J.: 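Mind looking over this structure? Questions follow.
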There are 2 protein chains.
Amino acid sequence: MAVVVSLEEERAKKAKSFDTLVSLVKDDLEKVNRTIIDRMHSPVELIPQLAGHIIAAGGKRLRPVLTLASAKLAGHSGERHVKLAACVEFIHTATLLHDDVVDESELRRGQASANALFGNKPSVLVGDFLFSRSFELMVEDGSLPVLAILSRASSVIAEGEVLQLITANDTDTSEDSYLEVIRSKTAALFAAACRIGAIVADRPKAEEDALDSYGLNLGIAFQLIDDVLDYSAKQAVLGKTVGDDFREGKITLPIILAFRRGNDEQREFWRRTVERLEQQDGDLEQAIALMEKHGALADTIARARHYGEVARDALALFPDSPVKQAMIDVIDFCIDRAY
Amino acid sequence: MAVVVSLEEERAKKAKSFDTLVSLVKDDLEKVNRTIIDRMHSPVELIPQLAGHIIAAGGKRLRPVLTLASAKLAGHSGERHVKLAACVEFIHTATLLHDDVVDESELRRGQASANALFGNKPSVLVGDFLFSRSFELMVEDGSLPVLAILSRASSVIAEGEVLQLITANDTDTSEDSYLEVIRSKTAALFAAACRIGAIVADRPKAEEDALDSYGLNLGIAFQLIDDVLDYSAKQAVLGKTVGDDFREGKITLPIILAFRRGNDEQREFWRRTVERLEQQDGDLEQAIALMEKHGALADTIARARHYGEVARDALALFPDSPVKQAMIDVIDFCIDRAY
């Protein structure tokens, strides 16, 4: 019993670790939030209404916080990182709006998604607006290297999303193909968010690359855990519906591992449910049972830990500091969401 | 009879006028087409497949031709306009892909639309890809003023599209609101396409503004005629379905004029058909008959001529040249499509 309490306490402590990073960039993050509110404005009122709905819906601001933290770690003392952190959040929000349309999602962060509330059409167009506005902000900042990084990241995200669409419902998807998808659709923006922190601080290429690597590997770990959470009771707490990926037939690592490790009968179960989408009551429970039987969820978390370790080592060339420690703790925060 | 033949001949001559402009920038346009094919490439094959479908579907390349022509008129002698003309076409193509999803269109330039052929999801995502790729190309060009113009134009387009969505099905829409919509959703990109021609040639602000004004007013005229064509038998020749706007309840100037000029009974007809979308056989024919009765189509064309005249006068500060004459002829080309 004592051990259980201690583990709970350990987890509660770790759960605070994102708060530590947030508290270290608190003033800047408030400026980012003001910039976001200010710059999502449009005379067409539906735009700030819809954008405000998703932006205010309790996102963690993980990506802009990473830009702020990276800039701080790299020793930046100006204000440019504030506007660029807002750019990163605008790009992220635009992709969320389009994702929810593409996935036909009805919930986002525990609330009705923008497409469910306002319809698909304005969600597509407001996504386009935020995306364009993000580039307007980057132009105001005036750094071509930053523009290069974020325009490239945006192309890569779109490529990843299309790749995901193609591999959907295909149980033959390999672990490598899946990794390519999440590297593109999720990790590329984490990497860019961190890299621009080094750029505004005018640091050497080695530090730029180190922050990019931290972001990329953190992003991969983050997405792996997201994919585990879709099969976890923890989801309800996060305000997401459980089993969305399963119902859509989205092939994520837990399914890939369970399929590969399964016998013929089990593989037929996966083909019926996620390829042919012939689902019936009890299938989600059966899917979770098969994942647990084959250690698919635990091993997906283990894979996430691997990328988390790479992210941690990427920061090694920076001298120790509170912000560096908080950035390392964020790795645990991302992975411990799975428990 | 002789008069009729002469009018036909006159129209046939005018119908060639876009070809004249194209022939004047022919070599550059071939380079633009090569750049487009080259840069829509992605290892994710569905992206060039889908993008290639819409890009190859016989578009006139009107906007990139305007960039090339404007650069030529402004005396540019380098190669930068080629890449930027491709950027303009990528932005245009991205908005077409998203438009067709939003409008649920099944035809585009006489062929199955990308969303009808490939589905809404990849159309949204490939639009995002082309949009991002466009900014990557701009960054390669390296001009912050160009990036400012095209990122601003992209935001304005999205605002216009959202505004159009809001005013759809509202017969109270004023002519001014409608003009605001088409100024944003269509004319802003025409204006930007022309303005960057002056920028690459490093011309004084007066010439930049003149080319912007030419593009803006040409764009308004172009869209007004497009809206007339949706009620014209000429549509079938252009490979578009007739009456799409009517079926969707899209409020364009022909409806605005017919509604304002109509009696109570006629206004009730418009409210039933385009507000409540309670349409039955014969309604489209009745709509066209009411438009003709009130001169709504002829007067929309007259409005287009007004903007065409403004576009023509905007070019007055440039010395006469074959490219200037061909740009003036394009105004007539855009308007004469209505006959």
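Quick caveat: nothing in here was measured; it's all calculated off a predicted structure. Letters A, B, ... mirror the listed sequences (proteins, then strands); counts begin at 1.
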J.: Should the ring pair A/Phe135 and B/Phe135 be called parallel, tilted or perpendicular, given that the plane angle runs from 0 to 90° and is split at 30 and 60?
T.: parallel
J.: Can you say whether B/Asp128 sits under 4.5 Å from chain A via the side chain, the backbone, both, or neither, judging by heavy atoms?
T.: both
J.: Under 4.5 Å, heavy atom to heavy atom: which of residues 143-171 of chain A reach chain B? Give them by number, or say none.
T.: A/Leu144, A/Leu147, A/Ala148, A/Ser151, A/Arg152, A/Ser154, A/Ser155, A/Ala158, A/Glu159, A/Glu161, A/Val162, A/Leu163, A/Leu165, A/Ile166
J.: Counting only heavy atoms not in B/Glu175, do more than 12 sit closer than 6.0 Å to its CD atom?
T.: yes
J.: Does any backbone or side-chain atom of A/Val102 lie under 4.5 Å from a heavy atom of chain B? Answer side chain, backbone, both or neither.
T.: both
